[in-house]
Amino acid sequence: MLCESNTCANKKIMLRIRFYKTGLLILRCWRRGVNYVLRKMAATASPVTEIAYEDGTFTVTTTTAFKTNVFKFRLGDEFEETTGDGRTCKSIVSQDGKKWIHKQKDTKEGGLETIIVRDFLDEDMNMELSVGEIVCKRVYKKL
């Protein structure tokens, strides 16, 4: 687990996890308006995610054979994020016990809200992505 409470000591924390399995990712991407080629690439990607913490800021780096996506945040503070599929969002990440609740609001007019819940377990990180009624579950294993 990254932090045992809602605050972390000022030290660097590193977690490396690799994608293990998923469900409904293609449907979620279609709902977000992601084009066909990017949906197929996402379905075959096996991302590695690294999470680092230093001086109150988390850095999340997700790397695939196709691209690398990085975002930085402080718990509870809104930030601008460019997602892996190229959307610009106003985002906020909060913590509830061993879970991060990551809310992304697309900045374009009428943009949808995505909610990503990351549940940090002893050996896995379970991630649930929701867009409206569509929910995609992904499992990552620690490296």
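Worth knowing before you read on, the calculation uses all heavy atoms, side chains too, and leaves out hydrogens, waters and symmetry mates. In what follows, residues are counted from 1 in the order of the sequence shown.
- Note on Val93: it does not cluster hydrophobically with Val117, by side-chain heavy-atom contacts below 4.5 Å among ILVMFWY residues.
- Residue Cys136 comes nearest to Arg138 through the heavy atom pair SG-CG, 3.9 Å, listed as atom of the first residue, atom of the second, then distance.
- Across every non-hydrogen atom of Asp122 and Lys142, the tightest pair is O-NZ, 2.6 Å.
- Residue Leu75 is grouped with residue Tyr53 when hydrophobic side chains (ILVMFWY) are merged at heavy-atom distances under 4.5 angstrom, including chains of intermediate members.
- Note: the hydrophobic cluster containing Ile101 does not contain Phe73 (ILVMFWY, side chain heavy atoms under 4.5 Å, direct or indirect links).
- Shortest non-hydrogen contact noted between Thr62 and Pro47 is CG2-CB, 3.6 Å.
- To the nearest 0.5 Å, the span separating CD1 on Ile92 from CD on Glu78 amounts to 6.5 Å.
- Side-chain contact check for Arg118 versus Lys99: every heavy-atom pair is 4.5 Å or farther apart.
- The two residues Gly111 and Lys105 come nearest to each other via the heavy atoms O-NZ, 2.7 Å.
- The line from CG of Asp106 to OG1 of Thr88 is 7.5 Å long, rounded to the nearest 0.5 Å.
- Of the options Val48, Thr49, Val70, a side chain to side chain contact (heavy atoms under 4.5 Å, CB included) to Thr61 is made by Val70 and by none of the others.
- Salt-bridge annotation for Glu128 and Lys137: present, with a side-chain N of the basic residue lying under 4.0 Å from a carboxylate O of the acidic one.
- Annotation: the span from Leu129 atom CG to Thr114 atom OG1 amounts to 7.5 Å, rounded to 0.5 Å.
- Thr83 approaches Cys89 most closely through the heavy-atom pair CG2-SG, 3.8 Å.
- The CD atom of Glu113 lies 9.0 Å from the CD atom of Gln104; values are rounded to the nearest 0.5 Å.
- Contact detail for Ile51 and Trp100: the closest heavy-atom pair is CG2-CH2, 3.7 Å.
- Remark: Asp119 CG to Met127 CE distance equals 12.0 Å, nearest 0.5 Å.
- With Asp124 contributing its side chain and Asn126 its backbone, the two residues share no donor-acceptor pair below 3.5 Å.
- Here NZ of Lys72 is found 13.5 Å from CZ of Phe58. Values are rounded to the nearest 0.5 Å.
- Side-chain atoms of Gln95 come within 3.5 Å of backbone N or O of Gly97 as a donor-acceptor pair.
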